[in-house]
Amino acid sequence: MASGEHQYRVRIEWIGNQGTGTSGYREYSRNHVIEANGKPEIPGSADPAFRGDAARWNPEELLVASASACHKLWYLHLCSDAGIRVEAYQDDALGTMIDTPQEGRFTRIVLRPHVTLRAGSDAKLAAELHHEAHAKCYVANSVNFPIDCEPHIEVLPD
């Protein structure tokens with residue numbers, strides 16, 4: 001595994017000027033495009049509660065998705081190293097954010113991965129590896145709120 005400093009370049013382009021720029025709070029769209037190194041564009045906006053487009057990804061969803069994906073990648077790596085054969089992995093993650101006149105912030109993300117293992121796999125060890133994946137997750141180590149994991153492990157029948 002590569003160690004050292006890594007940088008990630010992302011370009012955000014606002015495409016919400018509806019002819020009068022930001023002349024008023026209700027006069028512009030929150031839509032933008034997220035781009036990185038020739039990858040497919042991600043259509044972005046604000047949460048609909050903040051005048052955004054519900055059909056586009058908002059920053060809050062992307063934060064929850066980042067935490068979930070980071071955990072999954074570490075978990076699969078650790079399972080592979082431990083000889084545990086993961087056949088399927090799906091996470092129904094939930095992020096909770098508060099928004100008051102004084103502050104807006106995330107208070108918690110709960111990961112709820114459903115992991116399907118090949119028959120004969122060690123379900124107990126597979127469950128324990130979620131703790132190690134959390135400890136290694138770059139995103140979880142970078143935020144100031146808890147990210148909890150409530151895994152469900154299923155072992156396929158012989």
Only counting residues at least two apart or in another chain, list the ones meeting side-chain contact (heavy atoms from CB on, under 4.5 Å) with [X].
{"X": "Gln102", "result": "Thr100"}
{"X": "Ala127", "result": "Ile153"}
{"X": "His131", "result": "none"}
{"X": "Val155", "result": "Leu117, Ala123"}

**Report entry** Any side-chain heavy-atom pair of Thr96 and Phe145 under 4.5 Å
**Finding:**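 Side-chain contact under 4.5 Å: no.
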
Using the test side-chain hydrogen bond (donor to acceptor under 3.5 Å, both in side chains), find all partners of [X] that sit at least two apart in sequence or belong to another chain.
{"X": "Thr20", "result": "Ser23"}
{"X": "Glu128", "result": "Lys124"}
{"X": "His130", "result": "His71"}

Query raised in the report: Hey, what else clusters with Tyr25 if you join Ile, Leu, Val, Met, Phe, Trp, Tyr whenever side-chain heavy atoms sit under 4.5 Å?
Result: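 Other cluster members: Trp14, Tyr28.
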
Query raised in the report: Should Trp74 and Leu129 be regarded as members of a common hydrophobic cluster, given that ILVMFWY residues are connected when their side-chain heavy atoms come within less than 4.5 Å of each other, either directly or indirectly?
Result: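 Different clusters: Trp74 never reaches Leu129 through Ile, Leu, Val, Met, Phe, Trp or Tyr contacts under 4.5 Å.
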
Query raised in the report: Is there a path from Val10 to Val33 through hydrophobic residues (I, L, V, M, F, W, Y) whose side chains come within less than 4.5 Å of each other?
Result: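 Val10 does not cluster with Val33.
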
Rounded to the nearest 0.5 Å, what separation is found between the [atom1] atom of [X] and the [atom2] atom of [Y]?
{"X": "Arg56", "Y": "Glu61", "atom1": "CZ", "atom2": "CD", "result": "12.0 Å"}
{"X": "Leu73", "Y": "Lys136", "atom1": "CG", "atom2": "NZ", "result": "14.0 Å"}
{"X": "Gln90", "Y": "His114", "atom1": "CD", "atom2": "NE2", "result": "8.0 Å"}
{"X": "Asp99", "Y": "Phe50", "atom1": "CG", "atom2": "CZ", "result": "4.0 Å"}
{"X": "Asn144", "Y": "Thr107", "atom1": "CG", "atom2": "OG1", "result": "10.5 Å"}

**Report entry** Sequence neighbours excluded, every pair satisfying side-chain hydrogen bond (donor to acceptor under 3.5 Å, both in side chains) that has a member inside residues 80-89
**Finding:**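 Residue pairs with at least one partner in residues 80-89: His77-Asp81, Glu87-Arg118.
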
Taking all non-hydrogen atoms of both residues into account, name the closest pair between [X] and [Y] and its distance.
{"X": "Leu63", "Y": "Ile109", "value": "O-CD1, 4.4 Å"}
{"X": "Asn141", "Y": "Ala135", "value": "ND2-O, 3.1 Å"}
{"X": "Ile147", "Y": "Ala67", "value": "CD1-CB, 3.9 Å"}
{"X": "Pro113", "Y": "Asp91", "value": "N-OD1, 3.4 Å"}
{"X": "Leu111", "Y": "Ser68", "value": "CD2-CA, 3.8 Å"}
{"X": "Asp122", "Y": "Leu125", "value": "OD1-N, 3.0 Å"}

Report task. Please identify each residue that fulfils salt bridge (Lys or Arg N to Asp or Glu O under 4.0 Å) with Glu35, with sequence neighbours left out. Result ->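 In terms of salt bridge (Lys or Arg N to Asp or Glu O under 4.0 Å), with neighbours along the sequence ignored, Glu35 is linked to Arg11.
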
Query raised in the report: Taking only residues two or more places apart in sequence, or in another chain, which ones meet Glu150 in a salt bridge (Lys or Arg N to Asp or Glu O under 4.0 Å)?
Result: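 Glu150: salt bridge (Lys or Arg N to Asp or Glu O under 4.0 Å) contacts with Arg108, Arg112.
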
Query raised in the report: Is Tyr75 reaching over with its side chain to a backbone N or O of Ala126, donor-acceptor style, under 3.5 angstrom?
Result: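 Such a contact is found between Tyr75 side chain and Ala126 backbone.
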
Do any side-chain atoms of residues 37-49 form donor-acceptor pairs under 3.5 angstrom with protein atoms, and if so which ones, sequence neighbours left out?
from, atom 1, to, atom 2, distance (Å)
Ser45, OG, Asn31, OD1, 2.9
Ser45, OG, Asp53, N, 2.9
Asp47, OD1, Ala49, N, 2.6

